[in-house]
Q: 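The following block contains the structure, expressed as structure tokens.
Whatever order the structure lists them in is the order used to number ligands and atoms, beginning at 1. Below, all heavy atoms of this structure are taken into account, side chains as well, without hydrogens, waters or symmetry copies.
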Amino acid sequence: MLTFEAARKLILDSVSPCGVERVGLLESLGRTLAEDIVAPWNLPANDNSAMDGYAVVSADCLEPGSLEVIGSIQAGGVINSVVISGCAIKIMTGARIPPGCDAVVPVEETEEQKKFVYIKEPVRRGQHIRFRGEDVRLGETVIPAGTTVRPPEISMLASCGRLFVPVYRIPRVAILSTGDELVELGEPMSPGKIINSNAFSLAASVREAGGEPIILGIARDNREEHRRMMMEGLKADAFITSAGVSAGDYDHVRDVLEELGVEQKFWKVAMKPGGPTAFGMKEGKPIFSLPGNPVSTMVTFEIFVRPALLRMMGRQRVVRPTMKVILAEEVRKKTGKVQFVRLRLNREGKGFTGRSSGDQNTGILKTMLMADAMAVLPSETSHFAAGDEVDAILLREDAGMLEG
Ligand code: AMP
Ligand code: MG
């Protein structure tokens with residue numbers, strides 16, 4: 001049977017970025033750059049002062065002495081006349097260095113004397129000057145395509161004069177729930193029915209990953225309805241179905257997708273939860289058929305769908321890294337499948353210890369809420385002792401964060 005790593009590789013090899021759009025600078029936050037950003041000018045554009053003080057001719061100041069102050073220049077100001085030997089100009093941080101000057105003396109190293117300034121320390125040529133192009137040179141690639149835009153990238157883009165930024169498009173992700181037992185949230189309940197919560201958990205997961213969810217509703221357990229609603233789902237950039245993908249008598253998802261021309265790449269993975277997960281492609285678009293148990297749905301989204309959506313948004317790094325966790329209690333499992341075990345974490349010493357967040361049955365949603373991380377327990381090991389180190393995927397960003 002396929003390992004989850006092989007299944008994920010197959011998915012990532014199948015999907016590609018959706019296309020490119022130009023968005024306003026601030027709208028590019030969290031998106032992925034679709035083109036290299038090349039500096040249109042030098043940064044800084046001119047030599048300028050790194051301190052409030054005096055711009056001087058350094059050759060005048062090899063030892064302490066007085067200079068005549070012939071003017072003052074503030075940030076944004078310009079002096080074009082050349083400063084000659086024996087003279088100084090009062091200068092503010094960020095102001096352009098006047099022609100003729102080659103050093104700045106911080107105000108703390110001077111004494112003001114009416115029209116003169118006394119320089120207390122010897123001056124080194126170039127001191128306290130930020131030189132033209134020392135940060136960025138005209139024509140340099142400052143941000144490569146494929147970079148995720150964060151505040152530092154926004155700062156660089158703004159400094160390069162970019163009002164608009166080319167980024168990969170946000171994928172529109174259709175979500176279809178299947179099952180006769182489902183009722184929509186807000187509709188009256190009756191015996192045997194359950195709320196279509198997966199539509200919302202999937203929509204939330206899509207949104208959290210940066211995609212745009214489209215909730216299609218519920219397809220009842222008959223082929224006609226599956227067909228009609230799946231044709232709708234196949235119009236989106238990616239399509240996720242929930243439930244109806246195991247071996248039950250009323251499980252039509254895989255058959256109908258195949259009828260609609262979806263090429264099934266796999267339909268079973270050696271993992272728990274999430275074994276009956278199917279993946280297919282049609283016209284370059286991925287179709288994920290996730291198992292219906294809410295926990296299985298979320299785990300398989302995390303392992304398969306999230307990385308795929310990130311890749312579709314142009315990201316290169318799409319798989320969350322695992323961290324090392326020391327088990328605080330023993331864990332047993334069957335061999336033959338990787339098992340994802342919901343853990344609560346505790347910061348202890350340099351790292352984390354983890355213990356089960358409770359009942360690991362896929363029908364138990366509460367222990368998913370209580371989980372900080374998911375241990376990834378290898379297929380062929382059945383017993384893990386307290387003190388063993390295991391790999392875990394962090395699920396809560398605030399796990400281990402401090403209160404201040
Ligand atoms: P199935 O694979 O169709 O047998 O579904 C497995 C189980 O997942 C069902 O028995 C339901 O308890 C649960 N389930 C299926 N669809 C949903 C849904 N949309 N929201 C919440 N739970 C669901
Ligand atoms: Mg069903």
Q: Going by the angle between their ring planes, with limits at 30° and 60°, are F288 and F279 parallel, tilted or perpendicular?
A: tilted
Q: Using a 4.0 Å cutoff against the non-hydrogen atoms of I195, which atoms of ligand 1 qualify?
A: 20 (N), 21 (C)
Q: Which of the numbered atoms in ligand 1 are under 4.0 angstrom from any heavy atom belonging to S242?
A: 16 (N), 19 (N)
Q: Tell me the protein heavy atom at minimum distance from atom 10 (O) of ligand 1, and give that distance in Å.
A: E181 OE2, 4.0 Å
Q: Under a 4.0 angstrom heavy-atom cut-off, which atoms of ligand 1 come close to P294?
A: 21 (C), 22 (N)
Q: Step by step, work out the side-chain hydrogen bond (donor to acceptor under 3.5 Å, both in side chains) result for N346 and T353.
A: CA-CA 5 Å; N346 254 314; T353 59; 4.8 Å; no
Q: List every atom of ligand 1 that sits less than 4.0 Å from any heavy atom of S197, numbering the atoms from 1 in the order shown and giving each element.
A: 20 (N), 21 (C)
Q: Look at atom CD of Q74 and say whether more than 12 heavy atoms of other residues, nucleotides or ligands are closer to it than 6.0 Å.
A: no
Q: Is the shortest N/O to N/O distance between I194 and ligand 1 below 3.5 Å?
A: no
Q: Is it true that the side chains of R342 and T367 contain a donor and an acceptor less than 3.5 Å apart?
A: yes
Q: Between the candidates G179, P276, A243, P291, which shows the shortest non-hydrogen contact distance to atom 5 (O) of ligand 1?
A: A243
Q: Assess, by modelled atom type and distance only, whether the side chains of R132 and N46 contain a donor and an acceptor separated by less than 3.5 Å.
A: no
Q: If we ignore angles and hydrogens, is there a donor and acceptor under 3.5 Å between the side chains of N198 and S177?
A: no
Q: Which ligand 1 atoms are under 4.0 Å away from a heavy-atom of N196?
A: 18 (C), 19 (N), 20 (N)
Q: Within ligand 1, which atoms have a heavy atom of G244 less than 4.0 Å away?
A: 1 (P), 2 (O), 3 (O)
Q: Could you tell me whether E259 and R227 have a side-chain N and a carboxylate O separated by less than 4.0 Å?
A: yes
Q: Can you tell me which residue and heavy atom of the protein come closest to atom 8 (O) of ligand 1, and the distance to 0.1 Å?
A: G292 C, 2.9 Å
Q: Using a 4.0 Å heavy-atom threshold (strictly under), name the region of I218 that reaches ligand 1: side chain, backbone, both or neither.
A: neither
Q: Can you pull out the closest protein heavy atom to atom 18 (C) of ligand 1? Residue, atom name and distance to 0.1 Å, please.
A: N198 ND2, 3.3 Å
Q: Please list, in number order, the atoms of ligand 1 under 4.0 Å from a heavy atom of S246.
A: 2 (O)
Q: Indicate whether any N or O donor in one side chain lies under 3.5 Å from an N or O acceptor in the other, for T148 and R315.
A: yes
Q: Verify the neighbour count for atom NZ of K282: are there more than 12 heavy atoms of other residues, nucleotides or ligands below 6.0 Å?
A: yes
